[in-house]
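A quick write-up on the structure given underneath.
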Amino acid sequence: MGPEEFRRHGREVIDWIADYYQRLESLPVLSRVAPGEVRAGLPAEPPAAGQGFDGVLADLDSVILPGLTHWQHPSFFAFFPASATGPSILGDLLASGLGVQGMLWATSPAATELETLMLDWLAQLLDLPAGFRSESAGGGVIQHSASDAALVALVAALHRASAGATETDGVGAGRFSVYTSAQTHSSVEKACRIAGIGTAALRKLDVDPATLAARPAHLAKLLAADVAAGRTPALVVASVGATGTGALDPVAELAELAHRYGAWLHVDAAWAGVAAVCEELRWINAGVERADSYCTNPHKWLLTNFDCTAFWVADRAALIGALSILPEYLRNAATESGEVFDYRDWQVPLGRRFRALKLWTVLRWYGADGLQAHIRGHVALAQEFASWVAADNRFELLAPHPLALVTFASREGDQATRELLQAVNASGEAYLTHTLVDGRFAIRMAIGSVLTERRHVEAAWKAITSRAAQPGQGGNSVRVG
Ligand code: PLP
């Protein structure tokens, strides 16, 4: 594709995306295709000869679009949001256009230096501890996902707990232990599997039934028992905004215990952490100054396209010690000078995209004011939604909801709640997902789509209330899980 063809098709693509956003609201949120339907609409064999670009957008409309759940739809209230915005799309497009690979500082100095600066900017915007900034012993890096952040935090923790022995000797069965709440995202369990310590190393902490926060007293008990049994506590993961209900763990208390036993404290604030752009929500950072590592995802709630997980460590030497390998072909003078960051040593893969560009375009476009307005708007909508739930005697709020996630259930029992969720999602009017709270089936209303306005939240509430069981109609109150 030569420059002129690229220009022509590029304009068509940008127009297509702009039109998509303009008509998004008229599309059903949740895809309705049956398994295999998308594939059946496409040729089974790859083209023998090049087909050019003409026809791609038509196929996108006719075959691909019906097979999509529209994550940017204003009535998408499922999971947590995955932001996409104009400045971010354009930043990502520039990164694609440049096509650089910033595995080493030397392979594109600007890619590394912009990333380091963006993570420093973001740490300032979120008022994170000075120890996470690049001018300290710590620093920040963009990871693909919060799951990668948990994994690299674990290998850094194992490196530190073993004084560097895990890199050569491996981890051995039963030597190390990891602790996290039953509410924490499954990525921590996956990290244990990938790192080779296995899920047997993972201890799940009890939670307070009212706040769903991890109980430090239980952590203290588990740590003491593991040490008595000859195991080394390596990592404690605290959640700030856990996936199911948004639960917030007492970070300072968990950190105090972790450090007493020489363990690493990682904070997973994948969804909620970015709320700290607002001064009045900075209470979510309580205790973070004691964390060894911290992650939050601008790609969830901060207007930045997937993938962009911001991950900071207070001691970058532990992370680099765990992950650095320098084969001959990567040796270069800048690395050997010790004056530069080589981000390949901060992550699992070697290669890396220029993701800092989209963070740069987002932070420049919105500024602190725009980011705050975005978060505040969603928090206000969620509080209003929760007040409607609380005032309706058919429903019950099941968890605290200080941010933009509201978890609730029908008073008629699990079956009624499940049927209600299915009916709302089948309508195409809104998309919500579920969780279990103390064994009860609960609906999660996660407000975070960039395009969501009050009228969309009102419409979702109407979609819910018009299908809700009336008192005494639920019938089946059997608990699931
Ligand atoms: N941690 C939390 C609290 C999450 O909510 C999620 C996903 O929703 C994850 C981790 C995993 O996120 P990622 O897709 O970035 O790995």
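Note that the structure is a prediction, hence the values are computed from the model and not measured. All ligand and atom numbering here is 1-based and tracks the order in the structure.
Applying the ring-ring contact (aromatic ring centres under 6.0 Å, His included) criterion to His185, with sequence neighbours excluded, gives no partner residue. Annotation: salt bridge (Lys or Arg N to Asp or Glu O under 4.0 Å) contacts of Arg215 (sequence neighbours excluded): Asp206.
Inspection of the His266 and Ser293 side chains reveals an N or O donor paired with an N or O acceptor under 3.5 Å.
For Arg444 and Phe80, the positive end sits near the middle of the six-membered ring, less than 6.0 Å away and at most 45° from its axis. Taking the ring axis of Trp360 as reference, the NZ or CZ atom of Arg364 stays within 45° of it and closer than 6.0 Å to the ring centre.
The stretch residues 79-95 participates, sequence neighbours left out, in these salt bridge (Lys or Arg N to Asp or Glu O under 4.0 Å) pairs: Asp92-Arg353, Asp92-Lys358.
A heavy-atom cutoff of 4.0 Å around ligand 1 is satisfied by the protein residues Phe80, Ser145, Ala146, Ser147, His185, Ser187, Gly241, Thr243, Asp268, Ala270, Asn297, His299, Lys300.
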